[in-house]
Protein chains: 2
Amino acid sequence: MPYLKREAPNPEPIDCRILTAALDLFVNSGYHNVSVHEIQKQADVSIGSIYKHFGGKDGIAKALYKHILNEMDELVDDVMNEHKSPKKQCEEIIRLLCGYTETHYDIMAFIFHAKHTEFVPDEPLICNTLPFIKIREIVKSGMECGEFREINSWVAASTIFGGVIRMIQLRLDNMIEEPLPTYFETLIDASLNGVLTSDTTKTDNKISAVL
Amino acid sequence: MPYLKREAPNPEPIDCRILTAALDLFVNSGYHNVSVHEIQKQADVSIGSIYKHFGGKDGIAKALYKHILNEMDELVDDVMNEHKSPKKQCEEIIRLLCGYTETHYDIMAFIFHAKHTEFVPDEPLICNTLPFIKIREIVKSGMECGEFREINSWVAASTIFGGVIRMIQLRLDNMIEEPLPTYFETLIDASLNGVLTSDTTKTDNKISAVL
DNA sequence: CAAAATAGAATGAATGTTCATTTTTGTCAA
DNA sequence: TTGACAAAAATGAACATTCATTCTATTTTG
């Protein structure tokens, strides 16, 4: 089972084995290029078990989608509890995303590299799921408390997180060769300066980036 | 046939009809959820013609991919010819992308909303195609001539264009309700301020955004 | 020993592709 | 202009294969 924080249990129960195999195959070949039989083989499980546990191929995809977005949501919650300033919260989320791209390729690829509407059409779009809604709320509260300039919230959110998301995708595509955390400080600096209010002095940020 | 600048010929020749239908279906249902028979019906063409012209379903996808990226490339060339400053070139590309998202939904969705490796595995990744390579070159020359801060070029490119790309994806997903050009000035301002050299005064940019 | 879980051969629908036939197009002689 | 005719294009029924799913038999668990 693909977890973000927890360790996977050992030995993995049958449903976890199925999800682990499915995630790997989906991410590396794409949902539609993977057959149930391949999942069955890689998970070392019978076809019957798959249908018993998940009801079918789409059942696996749905379960995976929900599970992973839940993992993601817990992550965002943790960040919101540990840091109070929206700016700090954004930075921390970006830091975590950079880190997890290196340590949890499959999960990040599943979130940021798949067209989910094509295989889980009944599930909400990824940008309409809890963790992503919460991230937009953070951006809004950042504008309310004066940490971010008061601009359209879509623009603000896209500017702050568009850069990391792009970097993640390029890294997943093997275009970027260095691990993402290498670029963390530069990235934060470049992404946030554009949306910071002018009373948060620019120099301030550059110094904090150097430290 | 889906063009960015030119008008489609009328009546459309058979291979154009096929590509038009395929683009529409691929974008709205996803490559793997579309059968050759559906393309055939929508294009009002026989199965045989499809195999005669494109050799198969993957042939259609390949041809579409190449055609659309060519359209895109011409666009970038035009911008590079009409504007000399890299900053202006970036702005203009962003402006065009915003505009075309409203007027050429299918093409934009095909470029920014599809996982091409899953259905044209032999073609280069979209970020390795001419137009996108050229865009990265623009960013690099912007750093060389001092218009952009000297930071890692991946970070720079991701910061400048990550925002628009995110906005385009959100707009294609129907999350953003206003046409993208509405946000153009704000977006440019937010995306570029973070990467501008400090000798390009910040106030300058804010004033230009208000005008 | 009953209930739950697992196994996997068999099934049938979906769909990409082939190819023999028909239609259209373009050429040229009458 | 007409008609004959060959080459090219288009047609679509038939085919072959892939693959999700079902279902009965077997094994494991409590």
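Each chain gets a letter, A, B and so on, in the order the sequences are listed, and its residues count up from 1.
- One can place CD1 of I50(B) at 10 Å from P of dT11(D), the figure rounded to the nearest angstrom.
- Here the P atom of nucleotide dG8(C) and the CD1 atom of I39(A) are 17 Å apart, to the nearest Å.
- In this structure, F54(A) atom CZ and dA5(C) atom P are separated by 13 Å, rounded to whole Å.
- Checking dA10(D), dC19(D), dA13(D) against the side-chain heavy atoms of S35(A) singles out dC19(D) as nearest.
- In this structure, CD1 of I47(A) is placed 11 Å from C1' of dA9(C), rounded to the nearest angstrom.
- The OH-C1' distance, from Y31(A) to dA20(D), rounds to 9 Å in whole Å.
- Ring centroid separation for the pair Y3(B) and H104(B) does not come in under the 6.0 Å cut-off.
- Rounded to a whole Å, the CD atom of Q40(B) is 13 Å from the C1' atom of dT17(C).
- At the phosphate of dT11(D), OP1 or OP2 sits under 4.0 Å from a side-chain N or O atom of S46(B).
- Considering only the side chain of V36(A), dA20(D) comes nearest among dT18(C), dT22(D), dA20(D).
- OP1 or OP2 of dT18(D) has not a single side-chain nitrogen or oxygen of H37(A) nearer than 4.0 Å.
- Nucleic acid contact class of G48(A) (heavy atoms, under 4.0 Å, all strands): base.
- Under 4.0 angstrom from either OP1 or OP2 of dA9(D) there lies no side-chain N or O belonging to S49(B).
- In this structure, K41(B) does not pair ionically with E38(B), as no charged nitrogen and carboxylate oxygen lie closer than 4.0 Å.
- Classification of R95(B) and E92(B) as a salt-bridged pair holds, one side-chain N sitting under 4.0 Å from a carboxylate O.
- Ring planes of F119(B) and Y31(B): parallel class, angle under 30° (limits at 30 and 60°).
- Between dG12(D), dG8(C), dG16(C), one nucleotide has an atom nearer to the side chain of Y51(B) than all others, and that is dG16(C).
- Comparing G56(A) and D44(B), the nucleotide of DNA chain D nearest to each residue sits closer to the 5' end for D44(B).
- You'll find that the side chain of H53(B) is closest to dA10(D), out of dT21(D), dA10(D), dA7(C).
- Distances from the side chain of I14(B) to the nucleotides dT11(D), dT17(C), dA20(D) place dT11(D) closest.
- When the C1' atom of dA7(C) is taken as reference, atom CD1 of I18(A) falls 12 Å away, rounded to whole Å.
- Going from atom NZ of K41(A) over to atom P of dT6(C) covers 20 Å, rounded to whole Å.
- Residue K52(A) has its side chain nearest to dA5(C) when only dA5(C), dA9(C), dC19(D) are considered.
- Below 30°, between 30° and 60°, or above 60°: for F132(A) and F112(A) the angle between ring planes is above 60°, a perpendicular geometry.
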